[in-house]
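Notes follow the structure.
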Amino acid sequence: MEIQIRNAKKEEYKAVEALMEQVQQMHIGWRPDIYQFNETVLPYEMYEQAVAEQTAFVAECDGHVAGIVLIMYRHIENPVQVTRNIIFVDSMAVDEAYRGKGIGHAFFDFLKELKVQRGYDGIELQVNARNEAAYKMYADYGFTNKSINMELL
């Protein structure tokens, strides 16, 4: 299977929203006390802005949008930390039918190249503590724990 990572297009919104809905359903299953059903997971205006800013990328397989990654460029500068520029993975979703086929790794290969092109220092993301498959994929790719979010209910 050939995976092509490229800039997302406005006309792919429905396919992207369907992917985001799949991931939202997983989050609801893990944490119904935090996540809830919503008619729209990714509002069109936000998607349109990401497309315009070229911070939305799709994985295309056999003419099908099989995945989406939305990123942010962050400049970190404060008195107690080293100044850094990072690519932050805001959201990533892969169609259930395409999971485990290398799309996540293809996204990260693409982002690593983007990091080099822009002269950035790293790539960061957050993962739901109950999303064991995603955590394993990130760790297998080479991501390491930077911090741990905790909560008290």
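What you see is a predicted model; the values in this text were computed from it and never measured.
- Side-chain contact between Asn149 and Gln126 is present, with heavy atoms from C-beta onward closer than 4.5 Å.
- Residues Val51 and Ala8 approach most closely at CG1-O, 3.5 Å, considering heavy atoms.
- How far NZ of Lys115 is from CD1 of Ile87: 8.0 Å, rounded to the nearest 0.5 Å.
- Of the possible donor and acceptor atoms, one in the side chain of Glu12 sits under 3.5 Å from a partner among the backbone N and O of Lys9.
- Rounding to the nearest 0.5 Å gives a distance of 7.0 Å between CG of Asp90 and CE of Met46.
- Side-chain N or O atoms of Glu48 include none that pairs as donor or acceptor with a backbone N or O of Pro43 at under 3.5 Å.
- Using a 4.5 Å cut-off between side-chain heavy atoms of Ile, Leu, Val, Met, Phe, Trp and Tyr, with links allowed through other members, Phe57 and Met1 fall into the same hydrophobic cluster.
- Looking only at distances, a side-chain donor or acceptor of Asp95 sits under 3.5 Å from a matching main-chain atom of Ala97.
- Between Ala59 and Ile3, the closest heavy-atom pair is CB-CG2, 4.1 Å.
- Using modelled atom types, one side-chain atom of Glu17 and one backbone atom of Leu42 make a donor-acceptor pair closer than 3.5 Å.
- Following chains of ILVMFWY side-chain contacts shorter than 4.5 Å, one cannot reach Ile28 starting from Val127, and the two form parts of different hydrophobic clusters.
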Report task. Take Asp33 and Leu153 through the test side chain to side chain contact (heavy atoms under 4.5 Å, CB included) and record every step on the way to the result. Result -> CA-CA 10 Å; Asp33 58 319; Leu153 301 175; 3.8 Å; yes
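- Between the CG atom in Leu125 and the OH atom in Tyr135 there is a gap of 11.0 Å [rounded to 0.5 Å].
- Here the side chains of Val16 and Tyr44 are not in contact, with every heavy-atom distance at 4.5 Å or above.
- For CD of Glu11, the number of neighbouring non-hydrogen atoms (other residues, nucleotides, ligands) closer than 6.0 Å is greater than 12.
- When hydrophobic clusters are built by joining Ile, Leu, Val, Met, Phe, Trp and Tyr residues whose side-chain heavy atoms come closer than 4.5 Å, directly or via intermediates, Tyr120 is grouped together with Met92.
- Both Ile5 and Val89 are assigned to one and the same hydrophobic cluster, defined by single-linkage of ILVMFWY side chains at heavy-atom distances under 4.5 Å.
- Between Gly67 and Phe107, the shortest heavy-atom distance links the atoms C-CZ, 3.5 Å.
- Between the side chain of Tyr47 and the backbone N or O of Lys14, no donor-acceptor pair lies under 3.5 Å.
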Report task. Apply the test side chain to side chain contact (heavy atoms under 4.5 Å, CB included) to residues Arg6 and Val58: give CA-CA distance (whole Å), side-chain angles for both, the deciding distance (0.1 Å), then the verdict. Result -> CA-CA 6 Å; Arg6 59 169 174 74; Val58 297; 3.3 Å; yes
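- Enclosure of atom CD in Glu151 by more than 12 non-hydrogen atoms of other residues, nucleotides or ligands within 6.0 angstrom is indicated.
- In this structure, the separation between CD1 on Ile71 and CD on Glu53 is 10.5 Å, given to the nearest 0.5 Å.
- Counting only distance, with no hydrogens or angles, the side chain of Asp121 and the backbone of Ile86 share no donor-acceptor pair below 3.5 Å.
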Query - Residue pair Lys112, Ile123: steps toward the side chain to side chain contact (heavy atoms under 4.5 Å, CB included) verdict - result: CA-CA 8 Å; Lys112 274 176 46 178; Ile123 301 168; 4.0 Å; yes
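- More than 12 heavy atoms of other residues, nucleotides or ligands lie within 6.0 Å of CD in Gln117, so this atom counts as buried by the packing criterion.
- In the hydrophobic cluster analysis, where Ile, Leu, Val, Met, Phe, Trp and Tyr join through side-chain heavy atoms closer than 4.5 angstrom, Ile103 is grouped apart from Val23.
- The shortest distance between side-chain heavy atoms of Asn85 and Tyr73 does not fall below 4.5 Å.
- For Tyr35, the ring pair (Phe, Tyr, Trp, His ring centres under 6.0 Å) criterion is met by His27, not counting sequence neighbours.
- The existence of a salt bridge linking Arg84 and Glu124 is confirmed by a sub-4.0 Å separation between a basic side-chain nitrogen and an acidic carboxylate oxygen.
- Here the straight-line distance linking atom CD of Gln4 with atom CG of Asp62 works out to 11.5 Å at 0.5 Å rounding.
- Counting only heavy atoms from C-beta outward, the side chains of Asn38 and Gln24 never approach each other to under 4.5 Å.
- Among residues two or more places apart in sequence or in another chain, the ring pair (Phe, Tyr, Trp, His ring centres under 6.0 Å) test is passed with Phe108 by Tyr138, Tyr141, Phe143.
- Heavy atoms from other residues, nucleotides or ligands lying under 6.0 Å from CE of Met72 number more than 12.
- One distance of note links CE of Met20 with CG of Leu70; it measures 5.5 Å at 0.5 Å rounding.
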Report task. Using the side chain to side chain contact (heavy atoms under 4.5 Å, CB included) rule, take Val94 and Met137 through it: C-alpha gap first, then chi angles, then the decisive distance, then the call. Result -> CA-CA 12 Å; Val94 174; Met137 190 267 294; over 6 Å; no
